[in-house]
Amino acid sequence: MMRAIRAEIRSHRTTDLSIPQFRVLAFLHHRPGASLSEAAEHIGLTPPSLSKMIDGLVMRRLVTREISPSDRRRITLTLTELGQASLQSARCSL
């Protein structure tokens with residue numbers, strides 16, 4: 001089932017988001033301020049793998065990565081306005 005969904009998404013994709021990137025943006029849309037480990041668990045990647053993906057999304061200004069004000073050991077992730085727009089664009093192209 002997931003193969004069929006992925007194939008359908010890829011065939012209509014107009015953005016340059018991969019499926020895992022799309023899933024991260026969608027997760028952060030529903031859980032703003034989520035930690036890196038929460039997002040990694042949801043997506044099914046290791047924290048180091050997701051961290052590398054987040055680095056790319058931060059460089060593209062789709063996601064912000066900040067130190068939590070309540071716990072400096074925790075990294076929080078939030079969509080930017082551009083990230084919201086990219087997510088919406090990707091959803092509309094489905």
Side-chain angles (χ1 to χ4, degrees):
M1 181 69 162
M2 285 306 295
R3 285 184 192 153
I5 291 170
R6 285 185 183 112
E8 184 67 20
I9 289 172
R10 284 185 189 117
S11 70
H12 292 90
R13 186 169 69 183
T14 59
T15 65
D16 55 350
L17 292 176
S18 67
I19 301 297
Q21 289 171 333
F22 174 81
R23 291 184 64 212
V24 168
L25 295 183
F27 176 74
L28 294 176
H29 174 73
H30 294 290
R31 296 275 317 270
S35 71
L36 184 69
S37 42
E38 290 170 336
E41 183 178 326
H42 178 77
I43 301 303
L45 294 173
T46 64
S49 295
L50 184 66
S51 182
K52 184 170 176 140
M53 182 190 302
I54 293 296
D55 287 344
L57 294 173
V58 168
M59 286 177 53
R60 292 170 56 189
R61 297 186 179 117
L62 301 178
V63 173
T64 60
R65 179 194 302 229
E66 299 174 344
I67 296 173
S68 171
S70 61
D71 182 357
R72 62 188 173 109
R73 297 169 296 176
R74 181 184 165 150
I75 301 294
T76 59
L77 305 171
T78 309
L79 283 180
T80 63
E81 287 185 29
L82 184 57
Q84 292 279 1
S86 292
L87 178 62
Q88 184 61 32
S89 173
R91 284 183 173 160
C92 288
S93 67
L94 293 178

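Small disclaimer: the values here were computed from a predicted structure and weren't measured.
- The ring-ring contact (aromatic ring centres under 6.0 Å, His included) analysis of residues 45-64, with sequence neighbours excluded, yields no pairs.
- For the pair Leu62/Gln21, no side-chain contact is recorded, criterion being any heavy-atom separation below 4.5 Å from C-beta on.
- Residues satisfying the side chain to side chain donor-acceptor pair (under 3.5 Å) criterion with Arg73, sequence neighbours excluded, are Asp71.
- Among residues two or more places apart in sequence or in another chain, the side chain to side chain donor-acceptor pair (under 3.5 Å) test is passed with Arg61 by none.
- Ser86 places a side-chain N or O within donor-acceptor distance of the main-chain N or O of Leu82, the cut-off being under 3.5 Å.
- Closest approach of Ala90 to Leu17, counting heavy atoms only: CB-CD1, 4.2 Å.
- Annotation for Ile67: atom CD1 does not count as buried by contact number, only 12 or fewer foreign heavy atoms lying within 6.0 Å.
- To the nearest 0.5 Å, atoms OG (Ser35) and CG (Leu77) are separated by 7.5 Å.
- Of the possible donor and acceptor atoms, one in the side chain of Thr76 sits under 3.5 Å from a partner among the backbone N and O of Glu66.
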Which pairs of donor and acceptor atoms, one on a side chain in residues 47-56, lie under 3.5 Å apart (sequence neighbours left out)?
from: Ser49; atom 1: OG; to: Thr46; atom 2: OG1; distance (Å): 2.9
from: Ser51; atom 1: OG; to: Arg65; atom 2: NH1; distance (Å): 3.4
from: Asp55; atom 1: OD1; to: Arg65; atom 2: NH2; distance (Å): 2.6

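- Looking only at side-chain heavy atoms (C-beta outward), Thr80 and Val63 stay at 4.5 Å or farther from each other.
- Residues that satisfy the salt bridge (Lys or Arg N to Asp or Glu O under 4.0 Å) test with Arg74, not counting sequence neighbours, are Glu38.
- Residues satisfying the side chain to side chain donor-acceptor pair (under 3.5 Å) test with Gln84, not counting sequence neighbours, are His29.
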